[in-house]
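A short write-up of the structure that comes next.
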Number of protein chains: 2
Amino acid sequence: MASAMNKSSTGNVKRTRKAHPQASMHDVARHAGVSLITVSRFLRTPGKVSERTRQLVEDAIAELGYVPNLVAGGLASSQSTIVSMIVPFVSHGVFAEAIQGVSDVVDAHGYNVLLGHSTGSVEREEAILRSILGYRPAGVVIQGANHSERTVEFLRKAAMPVVEIGTLPETPIGMAVGYSNHQAALAMTRHLIARGYRRIGFVGTDPATNDRILQRLAGYRQGLDEAGIAFDPALVLRSPFGIVEGRQLLHVYRSMQPMPDAVFCASDLWAAGMISECRKQGIGVPTDLAIAGFNDQDIASVIDPAITTIRVPRYEIGRQAGRMIVETIAGRSVERMVDVGFELVVRDST
Amino acid sequence: MASAMNKSSTGNVKRTRKAHPQASMHDVARHAGVSLITVSRFLRTPGKVSERTRQLVEDAIAELGYVPNLVAGGLASSQSTIVSMIVPFVSHGVFAEAIQGVSDVVDAHGYNVLLGHSTGSVEREEAILRSILGYRPAGVVIQGANHSERTVEFLRKAAMPVVEIGTLPETPIGMAVGYSNHQAALAMTRHLIARGYRRIGFVGTDPATNDRILQRLAGYRQGLDEAGIAFDPALVLRSPFGIVEGRQLLHVYRSMQPMPDAVFCASDLWAAGMISECRKQGIGVPTDLAIAGFNDQDIASVIDPAITTIRVPRYEIGRQAGRMIVETIAGRSVERMVDVGFELVVRDST
DNA sequence: TTGAAAGCGCTACCAT
DNA sequence: ATGGTAGCGCTTTCAA
């Protein structure tokens, strides 16, 4: 009656609660005629078992279609092969590329990506994070630097590598890889002003809930300031992302008097919609209205006129973030902050 | 010396292997002055604990920042809150939308998405699946119906809900939600023929490794057959996906004699690249060359001329797949196969 | 309403 | 090179 090791040590013989279809390590061991621990050893340090044993275990695994239970393994070893990633939306092209980047890198190191999306809400982000942290992931990649206090607190005390992506936070939680949205928007605004535009509109989502937009707006305002152009709040429009929305925004700007001579859209989708609508309405771009975008998505280079925009290496951001997680786990020292930069791509729309 | 419950019951007093920063349920229980099981009960059936206990435990959880360990819970209960999803590429718009659909639905039911990408290789798909199955997920969503034998075998014996998406397999592994790539391509080919085109090119990736393309190619051939047009293998081009690739493909078609009078691209990206290049080269679309696409991506409606294409409800496919997983887990009976259909969207490029 | 004991499937430590 | 034992943090009987 000493240990709790074996179920039959209890007088009360209860069999497994559920019929369990999946083979366990125990099954493999029996099948191979070796002990359980030998199977485990074969799996993690194959060099330490004899040729004969290796063969036996290999056959048993193949025959039973055994797949090691990472849940049990993770619990026993306090290690995880999960890297969690939280983005506002999976389906937005720019985030999808970052996800692909992270996934490409961590997959190659035996990790899998557990994905969450916040729909841009810090409350939902916090909820997602809690749930995801329940898996005690090996690392966390999270979009942006705009989090709830509790999100930050959780992340700090979680004691695992954290990478914020897409921005360069003033006080990063752990590591960060991104670019300066402020500088990028400033560069674009300077470009527009250099081209001679003076009445420049700005399209974004609500800056209160989107720190990227907030920073781009700040860069835009700084650009105006530098040129001595007064900021006109009426020229700043808020809208959900989208091409259709871009079409509608054009009409809003057209109804203003005086009309703007240029619009800086904080996403290519709006710019594409506006350009398409301009074509339909017979408005010349950039002669009657210059239109600039952001992100250099596919659409920017094929629409006519092609869109002047800011190119950001999203996939690269993902790769770097993945790399930083993996390196940190491996105990190597890693940069705290990586600036991947951006590029002003001047095309025909301005 | 009876049980193995407490570490100090062993003569050999060894403390926890690792300094463990995260609070455990045990810690919460001590903090609240109740037993561990009461904490567990509070978490899963809050109605069964007294008001006083509830308060105590709630406070302790908040104070310690306790996050339940789902790895341990999953092991103990043989239940999982993970839904695995495998797609060829995360960053391809069409897959990203499906991921978003799955994620939206399963998140709402307390599940998280564990993501894998196969890069279109069945071998990699198998490897990813193995690793993902190690987490004993509650369900699996997998793109396409083209899998290795072992992949199918693993999935069948895994005894969990499986949904194949994007196609309507002849022999689904479990459930499926998608549309007929064959019928969609047939519809497009018929459209082109009805418009008077006779020498119709086809652009796809390697049909041997991509069953969607294989089926679209078959639909295209059937369309030609119906009209009594001989299939000309020289008109079928293979290429990686992409706009840049589309530009190059145009030159390949231009160098043919006779030149085709229409090209059916099995992705909008190729079509967009070709149209953009046509504009640059002064080739009239559709007057000199008609160009059709597939997927109705953003780009299709804003490029000039707008692309005639096939619209597929990708997000809806994801939602349905998520729904089918969740319902199956809940024990409700679910359709084995859902056809979400497609839509021929005729625009100006044909 | 609360608690004790057993064990989920695996790994770590120690022993042989 | 191989095996035994304890225990990862939780849930599930069963008992009080």
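Hydrogens, waters and symmetry mates are skipped; everything else that's a heavy atom, side chains included, is used. Quantities reported herein were computed from a predicted structural model and do not represent experimental measurements. Throughout, a chain's letter reflects where its sequence line sits, starting with A, and its residues are numbered from 1.
B:Tyr135 has no side-chain polar atom (N or O) that falls below the 4.0 Å cut-off from OP1 or OP2 of C:dG9.
For A:Pro161 against A:Met175, the heavy-atom pair with the smallest separation is CB-CE, 3.8 Å. Between B:Val71 and A:Gly74, the shortest heavy-atom contact is CG1-C, 4.3 Å.
A salt bridge does not link A:Asp104 to A:Arg323: none of the charged side-chain nitrogens sits closer than 4.0 Å to a carboxylate oxygen.
Between the CD atom of B:Gln79 and the C1' atom of C:dG7 there is a distance of 16 Å, rounded to whole Å. Whole-Å rounding puts the A:Met25 CE to C:dC8 C1' distance at 14 Å. Between B:Arg30 atom CZ and C:dG3 atom C1' there is a gap of 18 Å when expressed in whole angstrom units. Note: CG (B:Leu75) to P (C:dT11) measures 12 Å, nearest angstrom. B:Gln55 has its CD atom 17 Å from the P atom of C:dT1, to the nearest Å. Going from atom CG of A:Leu64 over to atom C1' of C:dG9 covers 15 Å, rounded to whole Å. In this structure, A:Arg136 atom CZ and C:dC10 atom P are separated by 21 Å, rounded to whole Å. Note: CG (B:Asn69) to C1' (D:dG7) measures 14 Å, nearest angstrom.
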Stepwise, does the salt bridge (Lys or Arg N to Asp or Glu O under 4.0 Å) test hold for A:Arg54 with A:Asp59? CA-CA 9 Å; A:Arg54 185 199 323 275; A:Asp59 290 351; over 6 Å; no
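Taking the nucleotide of DNA chain C with the nearest heavy atom to each of A:Val71 and B:Gly33, the more 5' of the two is matched to B:Gly33.
Side-chain atoms of B:Asn69 and B:Ser24 form no donor-acceptor pair, as typed in the model, at a separation below 3.5 Å.
Residues B:Ile86 and B:Val141 form no side-chain contact, since every pair of their non-hydrogen atoms from C-beta on lies 4.5 Å or further apart.
A heavy-atom distance below 4.0 Å to DNA chain D is reached by these residues of residues 34-53 of chain B, ordered by number: B:Leu36, B:Ile37, B:Ser40, B:Arg44.
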